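I have placed the structure first, in the form of structure tokens, so that the comments after it can refer back to it.
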2 protein chains.
Amino acid sequence: MQQDVRLPLEGLQHAVAIDVLLHGPLSRKQLAARLGVSPGTLTRVAGPLLEAGLLVERALVQRSSSGRPGIGRPEEPLDLELGRDFYVGVKITENTLHCVVTTLRAQLVTEISRSLASLEPSAVADQITDVVGELSEEGRNIRALGVSLGGQVSRNSLVLEAPLLGWSDVDLGALLKDRMDLPVVVDNDVLSLVRAERWFGAAKDSDHFALITIGAGIGYGLVAGSGILEGPDPGLSTITHFPLGIGGGVCSQGHTGCAESLLTTKALLSRARLALDENVTHDELLALADTNPAAASIVETAAYGLGKLIASVANLALPEKIILTGDGVDLALANREALDRGISDHRNRRATPIDLEIQTVSFAEWARGAAATAIETFVVGR
Amino acid sequence: MQQDVRLPLEGLQHAVAIDVLLHGPLSRKQLAARLGVSPGTLTRVAGPLLEAGLLVERALVQRSSSGRPGIGRPEEPLDLELGRDFYVGVKITENTLHCVVTTLRAQLVTEISRSLASLEPSAVADQITDVVGELSEEGRNIRALGVSLGGQVSRNSLVLEAPLLGWSDVDLGALLKDRMDLPVVVDNDVLSLVRAERWFGAAKDSDHFALITIGAGIGYGLVAGSGILEGPDPGLSTITHFPLGIGGGVCSQGHTGCAESLLTTKALLSRARLALDENVTHDELLALADTNPAAASIVETAAYGLGKLIASVANLALPEKIILTGDGVDLALANREALDRGISDHRNRRATPIDLEIQTVSFAEWARGAAATAIETFVVGR
DNA sequence: GCAAGTTAGTTGCAATGCGAAACTAAGTCA
DNA sequence: TGACTTAGTTTCGCATTGCAACTAACTTGC
């Protein structure tokens, strides 16, 4: 007999829904093959999901199955209805709220920013509430909210420590739940970005990858195994003070030549000030490197050190793929040769080359990560 | 109806057998709870396994269930018959074959060593064949053979590169299969040790741990997720040339201050020769450190560097636990203070302390790892 | 030493979920 | 238009499971 649809979905129904969510429109045939069940079973499972409106049938397509194209009955791809439910992601920085609305598949729909009037937790919660209200005004059905920030977060709600915001032990999740009738999840910003990559981004088909962010800080996230984000101290960037032994700068905690002292935007600019005797921006420094040897030396040294860091991650965490992202990635893009040299100098010559993907990332991407976390928590489940 | 036993075991039968193998004698009640099935189902599954002799019932025990002890019907623990089938593990070093016989649960039964007459692959295969013959002579039913060595091994058979033996592209698995009628698996020695820890050792209940060996070389293995050993280049020790920036020695590949140049037995002894102007053994050097400042400086520097290495593994691979083992662990045991300083200096103060286990390891342990690999391959399966 | 209580293990029953295979549907090609 | 190809459906029967009533094996108290 045909089973009814009960939420949350369980068993095969759940597996079918998730596979469609993560891997785009799929025909029953394809789904049956992917999930290792018979076509008959898949028909039975998909039936109720279609009836309940959770899945929809898209236009028929002829599969050009290796050989002559389009013969036989066309496939009937099953897909999610993306125009109905939406998710909000908010990334909190020291002075701005970056907000996005996404579909269930974490595709960007709208993005807006708001200057933060105050860093006082309840004021921030008020402002987030206002923005969510605004975003749902246009008749959009918002299903969940994800919030991310730089810092350690416990139980998807409690901000243990957020140095840039000056928070410790702030239960932002509770503040938000008091203000709106919406499932809310709060998480570390880098981990949110990892989740977005894991489910909807460049690492969709990899279950073992690392993500490094450079910019104001150095972030690190690792995925190994079935969608599990690892680490006993989630949100504590254990890579920040990784000893690179290059450059000789001193970081905020007194380490000489650590990643923070070499790679953060602040570190780059303070070196530039010393060497060039003028204040420049990050972009100006990179541009200047084409003509000014002192500037070139600074950025090349940093890119080389970044390569060493990437090689160390590859050597010790053994990922299939490494994603490099963050505001500071231009450093890597503009000095690819020094970066690659840093990698190969610290990598066994017999090792397989690193699958390194460098992504430019906007603030909307960070906010999208927060939305992806909400989707993972409340839809993908488990 | 009651299902028969067909090998290899599948589904619940397989799950029950593996759980008993890995987690000792367990009653039906406990097994049902662990596997998440009803007691009735477990009775039905266990029946045929008992009938086929794969499982046996042990003496009844009264469970002292939190409160007054021993009330109600006692449990009937199911266990494996360990006195029937045996496994052989062989570790090949430059001059010796280290061989063990173990039970299905990788418990040591016998150990013997043989000097290698020649490093020629077919001669080594001959000698292994002889030893296995000898070990099975005493009426023991040997079910499988595991062989491990330092080097990269492909498809559990083909030795791509084994520098210490001078081998490259030697299909040792094929040579052995030609000589005996026994399932054979060949693997890297460090990975074998990791497998032994994973299934039968200190990491039995952890699914995310790292193992570091020090001695003649520096070995590294990482487990993350359901029993999966990670890494695109299995058996290639990506940690050997990890840059520690300590000590100033130069390694075989020209790196200054890398792990090899600081931590291997050879590196320690060559420093000792320089500083003390005499040849000492590893043990003598450690003993000398109590009285001789120069010797103390050498071993403390090395222990500090080892701590830095351990901290880096913890920071980048994010394991729950790190096992340190190998012939050279005495360095760590004798200089625990310097080791811990090296760790804490390179670890975020807010991070949870590393669960570090230091194990002394005999050559029999290495061979046991090989046996464990055979058991994993041919019994645990998948 | 026997009844009452407690926990482990077994069995009968009904429901479920699945695969196999025959069947229908929807297209192409000559 | 009919032969062919591939996707999706339906019917049938079977294996597996949980549930709940059952038996088995023990302790404790009288």
Side-chain angles (χ1 to χ4, degrees), chain A residues 1-6 9-17 19-20 24-51 55-79, chain B residues 1-6 9-17 19-20 24-51 55-79:
Chain A
M1 276 306 90
Q2 199 152 282
Q3 189 186 313
D4 260 357
V5 175
R6 245 166 296 148
L9 298 178
E10 281 181 9
L12 254 188
Q13 283 193 344
H14 183 258
V16 166
D19 220 32
V20 172
L26 291 167
S27 71
R28 287 165 239 251
K29 181 86 186 298
Q30 294 171 313
L31 280 165
R34 295 178 65 92
L35 300 174
V37 297
S38 69
T41 297
L42 210 110
T43 292
R44 276 185 293 260
V45 172
L49 292 174
L50 284 159
E51 218 165 293
L55 293 181
V56 292
E57 291 179 343
R58 296 252 174 266
L60 302 186
V61 289
Q62 283 288 7
R63 276 252 281 170
S64 45
S65 55
S66 67
R68 60 240 181 274
I71 187 165
R73 177 174 174 172
E75 296 184 341
E76 228 174 299
L78 305 181
D79 201 1
Chain B
M1 277 306 93
Q2 201 154 278
Q3 191 187 308
D4 261 355
V5 175
R6 245 165 297 148
L9 298 178
E10 282 182 9
L12 253 189
Q13 283 193 343
H14 183 258
V16 166
D19 220 31
V20 172
L26 290 167
S27 72
R28 288 164 237 254
K29 182 87 186 296
Q30 294 171 315
L31 281 164
R34 295 179 65 93
L35 299 173
V37 298
S38 69
T41 297
L42 210 111
T43 292
R44 275 184 290 259
V45 172
L49 292 174
L50 285 159
E51 219 166 296
L55 293 182
V56 292
E57 292 178 344
R58 296 251 175 265
L60 304 186
V61 289
Q62 283 288 7
R63 278 253 282 169
S64 47
S65 57
S66 66
R68 61 237 180 278
I71 189 165
R73 176 175 176 173
E75 295 185 342
E76 229 174 297
L78 304 181
D79 200 1

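Residue numbers begin at 1 in each chain, while the letters A, B, ... track the order of the sequences. As the structure is a computational prediction, the values presented were derived from the model and not from experiment. Just the heavy atoms: all of them, side chains too, but no hydrogens, waters or symmetry mates, feed the values below.
- Partners of A/S38 by side chain to side chain contact (heavy atoms under 4.5 Å, CB included), not counting sequence neighbours, listed by chain and number: A/T41.
- B/Q13 places its CD atom 10 Å from the P atom of D/dT17, with the value rounded to the nearest Å.
- One atom, CG of A/L42, and another, C1' of C/dA20, lie 16 Å apart when rounded to the nearest Å.
- Under the salt bridge (Lys or Arg N to Asp or Glu O under 4.0 Å) criterion, B/D19 pairs with B/R34, not counting sequence neighbours.
- In this structure the side chain of B/E75 never reaches within 4.5 angstrom of the side chain of B/L60, judged on heavy atoms.
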Applying side-chain contact (heavy atoms from CB on, under 4.5 Å), run through A/L55 and A/V16 and close with a yes or a no.
-> CA-CA 10 Å; A/L55 293 181; A/V16 166; 4.2 Å; yes

Trace of the side-chain contact (heavy atoms from CB on, under 4.5 Å) decision for A/L49 with A/L9 | CA-CA 10 Å; A/L49 292 174; A/L9 298 178; 4.0 Å; yes

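- Residues satisfying the side-chain hydrogen bond (donor to acceptor under 3.5 Å, both in side chains) criterion with A/R73, sequence neighbours excluded, are absent altogether.
- Between A/P77 and A/L26, every side-chain heavy-atom pair lies at or beyond the 4.5 Å cut-off.
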N/O to N/O distances under 3.5 Å, protein versus nucleotides 1-4 of chain C:
none

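- Atom CD in A/E75 sits roughly 12 Å away from atom C1' in C/dG27 (whole-Å rounding).
- Checked against D/dC19, D/dG8, C/dG9, the side chain of B/R44 finds its nearest nucleotide in D/dC19.
- Contact annotation: the side chain of B/V56 approaches that of B/R58 to within less than 4.5 Å [non-hydrogen atoms, C-beta and beyond].
- Side chain of B/Q30 to main chain of B/S27: a donor-acceptor pair is present (N/O by atom type, distance under 3.5 Å, no hydrogens or angles).
- In this structure, the side chains of A/L78 and A/E57 come closer than 4.5 Å at one or more pairs of heavy atoms.
- Residues from residues 25-41 of chain B with heavy atoms under 4.0 angstrom of DNA chain D, sorted by number: B/G36, B/V37, B/S38, B/T41.
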Please enumerate all protein N or O atoms sitting under 3.5 Å from an N or O of nucleotides 23-26 of chain D, with distances to 0.1 Å.
{"unit_1": "D/dA24", "atom_1": "N3", "unit_2": "B/R73", "atom_2": "NH1", "d": "3.4"}
{"unit_1": "D/dA25", "atom_1": "N3", "unit_2": "B/R73", "atom_2": "N", "d": "3.4"}
{"unit_1": "D/dC26", "atom_1": "O3'", "unit_2": "B/Q62", "atom_2": "NE2", "d": "3.2"}

